[in-house]
Amino acid sequence: MSHRTALRRGRTVAVAGLITAAAFGLTACNGTGGSTAAPAASAAADNGAGNSTGSGNSTGSGNSTGSGNSTGSGGTTGGSGSAGTPSAKAGDGAAAAAGDGSGRGGDQVARCTTDGMQAGWGAEGGGVPDMKTDQQQTVAVWLKNISGSPCRISGFPGVQIKGTEGTTWDLRRSGQAPQPKVLKPNAHTSFTITLLPGTRADDHKVEPGLVLITPPNEKKHFQLQWPYGGAILDQSGATHPGTFVNPVNVP
């Protein structure tokens, strides 16, 4: 073999070696280097703070099935997020969105107003009180929807007794729980007043003249003449008086 032939063959081997080395380097870059990002993402998912299975977007407290937007306490089906809001509103009742006792959504029916109702004495749950006894008595006040449209009503009415001698007494509320209700046009509901007559000569008493009735959540009132005579034991300053008002819709 001539010196020139040997030199040419040596160069060919060297070039082939360089090509092989370059190919190996390219494989390491695209393979192992690309895999490096994948373990990093998996680690973030596994440590509970990433986007996959921890408190991030997928199954932790993020957007998918944790406490984020999907099935946890987040926006889709969670308790304290956006999707939980209708349930939270339904438990309010708030008022009200619990259906108001008639199958109607409370937010879809207007509130009963003083201008859209009438009021008067007597209804189911109360009769004519015996004002000559020293035992508690019950009287009822009816409220009628005259607005021409269904309305919802819930809560305690305001009741102020105006005595014939000029005193006023705003009655305290009972401990009964209000019950929402929807009144159809011309339908009635009622509430009761529990009262303790004053019959003894030395009793501190209030002789009712007028009774002002303010429907729940309203500012305007009805003015009713007291039709039963007698007097009520004045316990206007007591913490637990024997005379108080009960919520509407409660028998």
Side-chain angles (χ1 to χ4, degrees), residues 101 111-148 151-251:
R111 187 182 73 244
C112 296
T113 65
T114 305
D115 290 335
M117 288 188 290
Q118 290 179 338
W121 294 106
E124 183 180 356
V128 177
D130 182 0
M131 300 303 293
K132 296 181 180 180
T133 181
D134 59 359
Q135 302 297 312
Q136 278 184 319
Q137 301 292 300
T138 301
V139 296
V141 177
W142 55 262
L143 297 169
K144 180 181 179 181
N145 177 15
I146 61 170
S147 68
C151 67
R152 58 185 171 87
I153 185 168
S154 177
F156 287 84
V159 177
Q160 183 184 83
I161 296 175
K162 287 185 172 292
T164 55
E165 73 284 0
T167 60
T168 60
W169 181 3
D170 293 310
L171 299 190
R172 290 182 178 271
R173 299 174 175 181
S174 72
Q176 294 193 64
Q179 296 182 8
K181 184 176 182 179
V182 169
L183 294 181
K184 295 180 180 179
N186 298 316
H188 294 73
T189 189
S190 64
F191 67 90
T192 58
I193 300 171
T194 300
L195 60 89
L196 184 61
T199 58
R200 300 177 182 177
D202 59 347
D203 282 343
H204 188 199
K205 297 173 283 192
V206 175
E207 295 183 0
L210 293 174
V211 180
L212 306 186
I213 305 295
T214 307
N217 303 305
E218 287 291 290
K219 295 181 179 180
K220 298 176 68 174
H221 60 260
F222 299 105
Q223 184 171 284
L224 302 179
Q225 292 280 346
W226 177 257
Y228 303 117
I232 300 174
L233 187 65
D234 187 354
Q235 295 179 316
S236 55
T239 304
H240 301 289
T243 298
F244 49 84
V245 60
N246 299 300
V248 296
N249 312 322
V250 178

Min side-chain heavy-atom separation [X]-[Y] under 4.5 Å:
{"X": "Glu207", "Y": "Trp226", "result": "no"}
{"X": "Arg152", "Y": "Val182", "result": "yes"}
{"X": "Val206", "Y": "Glu165", "result": "yes"}
{"X": "Met131", "Y": "Leu195", "result": "yes"}
{"X": "Thr113", "Y": "Cys151", "result": "no"}
{"X": "Ile213", "Y": "Val159", "result": "yes"}
{"X": "Gln223", "Y": "Leu212", "result": "yes"}
{"X": "Pro157", "Y": "Val248", "result": "yes"}

Using 0.5 Å steps for rounding, measure from the [atom1] atom of [X] to the [atom2] atom of [Y].
{"X": "Lys162", "Y": "Leu210", "atom1": "NZ", "atom2": "CG", "result": "7.5 Å"}
{"X": "Lys219", "Y": "Thr114", "atom1": "NZ", "atom2": "OG1", "result": "11.5 Å"}
{"X": "Ile232", "Y": "Asp203", "atom1": "CD1", "atom2": "CG", "result": "12.5 Å"}
{"X": "Cys112", "Y": "Asn217", "atom1": "SG", "atom2": "CG", "result": "10.0 Å"}
{"X": "Asp115", "Y": "Met117", "atom1": "CG", "atom2": "CE", "result": "9.5 Å"}
{"X": "Thr194", "Y": "Gln176", "atom1": "OG1", "atom2": "CD", "result": "7.5 Å"}

Side-chain ([X]) to main-chain ([Y]) donor-acceptor, under 3.5 angstrom:
{"X": "Thr243", "Y": "Leu196", "answer": "yes"}
{"X": "Arg172", "Y": "Ala238", "answer": "yes"}
{"X": "Asn249", "Y": "Gln179", "answer": "yes"}
{"X": "Lys181", "Y": "Val250", "answer": "no"}
{"X": "Gln235", "Y": "Gly242", "answer": "yes"}
{"X": "Gln137", "Y": "Pro197", "answer": "no"}

Quiz item: Quick one: do the Thr199 and Asp134 side chains pair a donor with an acceptor below 3.5 Å?
Solution: no
Quiz prompt | Minimum heavy-atom distance Ser174-Phe244, with the two atoms named | solution = CB-CD1, 3.7 Å
Which donor-acceptor pairs under 3.5 Å do the side chains of residues 140-147 make with protein atoms, sequence neighbours left out?
unit_1, atom_1, unit_2, atom_2, d
Trp142, NE1, Trp121, O, 3.4
Asn145, OD1, Ser147, N, 3.0
Asn145, OD1, Ser147, OG, 2.7
Asn145, ND2, Ser149, O, 2.8
Asn145, ND2, Leu183, O, 3.0
Asn145, ND2, Lys184, O, 3.3
Ser147, OG, Ser149, N, 3.3
Ser147, OG, Ser149, O, 2.9

